[in-house]
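Have a look at the structure below before the remarks.
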There are 2 protein chains.
Amino acid sequence: MLQVDIDTKMKFLHGLSNKTRVQILESIKEDEKTVSQIVQDLNGNQSNISQHLTCLKGCGLVVGRQDGKYVYYRVRNQLVRDLLTMIDVVLEDVEKDVACCDSHID
Amino acid sequence: MLQVDIDTKMKFLHGLSNKTRVQILESIKEDEKTVSQIVQDLNGNQSNISQHLTCLKGCGLVVGRQDGKYVYYRVRNQLVRDLLTMIDVVLEDVEKDVACCDSHID
DNA sequence: CAAACATATTAGTATTAGCTAATGTAACGA
DNA sequence: TCGTTACATTAGCTAATACTAATATGTTTG
């Protein structure tokens, strides 16, 4: 049985608790991007995106590497990438489930 | 490529964004429990736990069934259970990673 | 049917998080 | 070296969230 500290876990999950952050993750899931590329991608605000990137880094979900005046961000590793994929898979399944069986519940 | 609506996704992930909710999920991951069992388990407040259970149900993460005056909650299905496990796995890996390579970053 | 128990709901408050705008820092290029 | 570009940081405001206490609903049991 895997023993994970709940506070560490929450810190990690905090990264996934905001729409902008999740969109950033989707945006850089396949390949790394600079901050400004991400800003363009999401049609967002530079300061805002930068703050979320700092957050995602703190949560352990992404890593950044500086190259000259650019900073490239990418999701940390394949396992995190797999987790992101799995969330989509589970979500699809849950949606189907909810649609089929629980539509009488609101 | 899996296409998932971002707002639906956020609604789902919202369930994982709070410590109490994650603790509830951990508590009922293996077997269903009544509200009061969960309250005891977490040493929590009845109203609070009940609200979080409603939230988790709305997020699609858990389902409840009434049996007399008791309501039993359980995680929705095996796929959700797998996701919870995977989070722990990824987290372990990330922690190791952070400890080894990024300890110079705070 | 009344009391007791299990759970849900509501209202009010406190805490947290996210956003924007402004400013700071560092690297590059003319 | 000065201006420009890329990114980070800070401050202030607003909105969302979570908590507690009180009350309501529904079920069982005597």
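Residue numbering restarts at 1 for every chain, and letters A, B, ... go by the order of the sequence lines.
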Measure from [atom1] on [X] to [atom2] on [N] and round the result to the nearest Å.
| X | N | atom1 | atom2 | answer |
| --- | --- | --- | --- | --- |
| Gln66(B) | dT25(D) | CD | P | 15 Å |
| Lys19(A) | dT17(D) | NZ | P | 13 Å |
| Lys69(B) | dT27(D) | NZ | P | 12 Å |
| Gln23(B) | dA18(D) | CD | P | 13 Å |
| Asn45(B) | dA6(C) | CG | P | 15 Å |
| Gln40(A) | dC7(D) | CD | P | 10 Å |
| Gln46(B) | dA8(C) | CD | C1' | 7 Å |
| Ile49(A) | dT20(C) | CD1 | C1' | 13 Å |

Is [X] linked to [Y] within one hydrophobic cluster, defined over Ile, Leu, Val, Met, Phe, Trp and Tyr using a side-chain heavy-atom separation of less than 4.5 Å?
| X | Y | result |
| --- | --- | --- |
| Val35(A) | Tyr70(A) | no |
| Val22(A) | Met86(A) | yes |
| Phe12(B) | Val4(B) | yes |

With nearest nucleotides of DNA chain C determined for Cys55(A) and Gly68(A) from heavy-atom distances, which residue corresponds to the more 5′ nucleotide?
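Per heavy-atom nearest nucleotide, the more 5' residue is Cys55(A).
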
Within less than 4.0 Å of OP1 or OP2 of [N], is there a side-chain N or O belonging to [X]?
| X | N | result |
| --- | --- | --- |
| His14(B) | dA16(D) | no |
| Asn48(B) | dC19(D) | yes |
| Arg21(B) | dT17(D) | no |
| Asn18(A) | dG18(C) | yes |
| Tyr73(A) | dA6(D) | no |

Pair Arg81(B) + Glu30(B): basic N to acidic O under 4.0 Å
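No, this pair does not count.
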
Report yes if some heavy atom in the side chain of Asp93(A) is under 4.5 Å from a heavy atom in the side chain of Val89(A); otherwise report no.
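Of all side-chain heavy-atom pairs linking Val89(A) with Asp93(A), none is under 4.5 Å.
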
Selection from [options] that lies nearest to any side-chain heavy atom of [X]:
| X | options | value |
| --- | --- | --- |
| Val35(A) | dA6(C), dT20(C), dA8(D) | dA8(D) |
| Val71(A) | dA8(D), dT27(D), dA6(C) | dA8(D) |
| Ser36(B) | dC19(D), dT7(C), dA27(C) | dT7(C) |

Using only modelled atom types and a 3.5 angstrom limit, is any donor from either the side chain of Ser47(A) or the base of dT9(D) paired with an acceptor on the other?
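Flag set: donor-acceptor pair detected.
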
Base, sugar-phosphate, or nothing for Gln51(B), non-hydrogen atoms under 4.0 angstrom?
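Since a base atom lies under 4.0 Å of Gln51(B), the category is base.
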
